[in-house]
Amino acid sequence: MDPTETYEIAYRIIGKNTPLGKLDCGKLCGHACCLGDRHTGMLLFPQEEKLFADGLDQSFTLHPSPFSYGNGKRALLLVCSGKCKREIRPLSCRIFPLVPYKSAPASYCPILDPRARRLCPLAAANDRKLFNPEFITAVQRLFRYLALFPQIRPFLDALSKEAEEYLRFYA
Ligand code: SF4
Ligand code: SF4
């Protein structure tokens, strides 16, 4: 897998789609999902850090996270200054507050991340009808694409499992 090529295609699949289309959902919450720190930054997908090697001019910093996947690989967290050039933001920012849910082997559908409910008013509303349908379709297409990569599938599995466990204990 060539990380640069893989994630540039992934970013193009989402394109300019955002949760509310032309409306800026950040106005609902003061861009709460952009205020993460080294414990709550954005998870990078496997090898996505390769795209951020030159990103330090944007004050991106990378930190180990407790989130593990596959055979105990630790995902990295990206922490930013709260502002970025949108065209180079990581994949987790582009799909938030959706996460993959494993619906069949190597098949994932987007669900609202239950862990985001305390932070994100869209996740708290828990109503997919509020979302721009083109955004949901683009994320669906993205998960179908990412599922083609054996290096990424364990990460999707782990995200799905974490969301499922959270729902089981807290929903
Ligand atoms: S926290 Fe939710 S509503 Fe706020 S900017 Fe992020 S995705 Fe949009
Ligand atoms: S990289 Fe950009 S979109 Fe992602 S959390 Fe930071 S400011 Fe928000």
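Every number for a ligand or one of its atoms is a count from 1 in the order of the listing.
- The salt bridge (Lys or Arg N to Asp or Glu O under 4.0 Å) check on D2 picks up nothing, with sequence neighbours excluded.
- Close contacts between ligand 2 and G82 involve ligand atoms 7 (S) [criterion: under 4.0 Å to a heavy atom].
- Between the side chains of H63 and S65, no donor-acceptor pair is found at a separation under 3.5 Å.
- Between Y166 and D113, the side chains place no donor N or O within less than 3.5 Å of an acceptor N or O (distance only, hydrogens not considered).
- You'll find the ring centres of F155 and F45 inside the 6.0 Å limit.
- Here is the list of ligand 2 atoms found below 4.0 Å of a heavy atom in C93: 1 (S), 3 (S), 4 (Fe), 5 (S).
- Only the backbone of K83 comes within 4.0 Å of ligand 2, judged by heavy-atom distances.
- Near-neighbour remark for atom 2 (Fe) of ligand 1: protein N, O or S atoms under 2.8 Å are C120 SG; waters not counted.
- At a threshold of 4.0 Å, the pair R168-E164 counts as salt-bridged, since one of the basic side-chain nitrogens sits closer than that to a carboxylate oxygen.
- Counted within 6.0 Å of OH on Y69, heavy atoms from surrounding residues, nucleotides or ligands total more than 12; the atom is thus considered enclosed.
- A side-chain N or O of D37 and one of T40 form a donor-acceptor pair less than 3.5 Å apart.
- Here the rule is side chain to side chain contact (heavy atoms under 4.5 Å, CB included) with P110, and of L98, V99, T137 only L98 fits it.
- Heavy-atom proximity to R89, at under 4.0 Å, picks out these atoms of ligand 2: 3 (S).
- In this comparison of C34, G41, G36, C84, the heavy atom closest to atom 1 (S) of ligand 2 sits on C84.
- The backbone N or O of K16 sits nowhere less than 3.5 Å from a side-chain atom of R86 that would complete a donor-acceptor pair.
- Under 4.0 angstrom from ligand 2, the non-hydrogen atoms of C80 all belong to its side chain.
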